[in-house]
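Heavy atoms only: backbone and side chains are in, while hydrogens, waters and symmetry mates are out. Per chain, numbering begins at 1; letters A, B, ... match sequence-line order.
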Number of protein chains: 2
Amino acid sequence: MAKNPKTPTPGKPVRGSTTGKPIMALLDLLGNRWALRILWELRDAPLTFRALQEACDGVSPSVLNSRLKSLKEARFVENTDAGYALTPLGMELQEKFGSLYQWAEKWAASLRE
Amino acid sequence: MAKNPKTPTPGKPVRGSTTGKPIMALLDLLGNRWALRILWELRDAPLTFRALQEACDGVSPSVLNSRLKSLKEARFVENTDAGYALTPLGMELQEKFGSLYQWAEKWAASLRE
DNA sequence: TATAGTGCTACTATTTTAGTAGCGCAAGGA
DNA sequence: TCCTTGCGCTACTAAAATAGTAGCACTATA
């Protein structure tokens with residue numbers, strides 16, 4: 001796989017942290033726009049590049065491709081026959097956010113109070 | 001509080017989604033650089049603006065302030081006498097990521113395989 | 001041979017973030 | 001009273017990320 005020098009990687013300094021601590025690499029990676037959303041959209045089933053682009057409301061292909069590169073290098077996503085899919089590792093991460101949907105509804109409700 | 005028109009808010013269209021679904025607003029909000037990191041750095045104790053800036057490895061004050069505005073509007077963060085602190089809502093969200101530190105270590109280990 | 005769908009790359013325009021300087025305020029000494 | 005210190009921030013320019021659009025190369029199917 002072509003290496004993307006911008007992919008936050010544990011063990012290497014990332015934007016905003018020279019320690020190389022995995023958590024910093026992870027937060028940096030997930031803090032890129034669309035990264036969380038992509039994991040979210042892949043939660044149920046694999047999607048092709050274009051289907052994923054559509055699911056992400058027309059995100060530009062250059063950004064999508066760049067993000068997918070990073071997520072692939074991080075081993076959260078892989079390209080299968082059925083399209084882009086979460087790896088077991090990616091599923092674990094996604095599960096950390098699994099209850100987020102319902103929680104977001106609760107959050108929205110509490111903002112309306 | 002001064003309204004920041006850019007703060008992703010449930011019920012309103014956000015970047016990349018016109019549905020107003022809370023999960024989309026949440027992902028949009030957390031997808032801004034430093035948002036996740038700020039919640040992370042506040043996990044244990046309140047921090048002053050400058051302490052928080054330092055904890056985030058010198059993030060520029062304009063960005064920090066902008067992000068804090070959004071997090072305050074989202075009611076994840078509030079400004080107390082002791083400095084910026086997570087609200088109960090913010091703590092709940094932070095807890096969703098609570099096991100992330102250890103998980104990130106595991107992730108890093110699996111990348112080294 | 002055309003048609004449609006795929007995964008992208010290339011390019012410019014716009015927005016976001018980084019980086020630095022410094023203001024106005026409050027508290028605490030000398 | 002006049003310094004100094006630390007606070008929350010604003011203002012500004014430079015750099016980087018993202019948006020938006022066009023279209024290429026490839027494959028499969030008709």
Scan nucleotides 19-27 of chain C nucleotide by nucleotide, 5' to 3', and note B when protein non-hydrogen atoms come under 4.0 Å of the base, S if they reach only the sugar-phosphate, - if neither. BBB------
Would you mind reading off the distance between [X] atom [atom1] and [N] atom [atom2], rounded to a whole angstrom?
| X | N | atom1 | atom2 | result |
| --- | --- | --- | --- | --- |
| A:Asp28 | C:dA18 | CG | P | 9 Å |
| A:Ile38 | C:dG7 | CD1 | C1' | 15 Å |
| A:Asn32 | D:dA17 | CG | P | 8 Å |
| A:Leu36 | D:dT18 | CG | P | 13 Å |
| B:Arg15 | D:dA17 | CZ | P | 15 Å |
| B:Leu64 | C:dA18 | CG | C1' | 13 Å |
| A:Arg37 | D:dT18 | CZ | P | 15 Å |
| B:Asp81 | D:dC7 | CG | C1' | 13 Å |

Pairs involving residues 42-55 of chain B, ordered by first then second residue, that meet side-chain hydrogen bond (donor to acceptor under 3.5 Å, both in side chains) (sequence neighbours left out): none
A:Val63 side-chain proximity, nearest of C:dT17, D:dA19, C:dT9: D:dA19
Applying salt bridge (Lys or Arg N to Asp or Glu O under 4.0 Å) to A:Glu95 and not counting sequence neighbours gives none
Mind jotting down which residue pairs meet the salt bridge (charged side-chain N to carboxylate O under 4.0 Å, His left out) criterion with at least one end in residues 100-113 of chain B? Sequence neighbours excluded, please. A:Glu92-B:Lys106
Summary of ring pair (Phe, Tyr, Trp, His ring centres under 6.0 Å) pairs that have at least one residue in residues 55-81 of chain B, sequence neighbours excluded: A:Trp103-B:Phe76, A:Trp107-B:Phe76
By the ring pair (Phe, Tyr, Trp, His ring centres under 6.0 Å) test, which pairs, at least two apart or in different chains, include something from residues 35-59 of chain A? A:Trp40-A:Tyr101
Does [X] make a side-chain N or O approach to OP1 or OP2 of [N] shorter than 4.0 Å?
| X | N | value |
| --- | --- | --- |
| A:Asn65 | C:dA10 | no |
| B:Lys6 | C:dT15 | no |
| A:Trp34 | D:dA19 | yes |

Determine whether B:Leu71 and B:Thr7 satisfy the following criterion, side-chain contact (heavy atoms from CB on, under 4.5 Å), listing intermediate values before the conclusion. CA-CA 8 Å; B:Leu71 292 172; B:Thr7 299; over 6 Å; no
If only side-chain N and O atoms count, and only distance matters, is there a donor-acceptor pair under 3.5 Å linking B:Ser60 with B:Ser62? yes
Using heavy-atom distances to pick each residue's nearest nucleotide on DNA chain D, tell me which of B:Ala51 and B:Arg33 is more 5'. B:Ala51
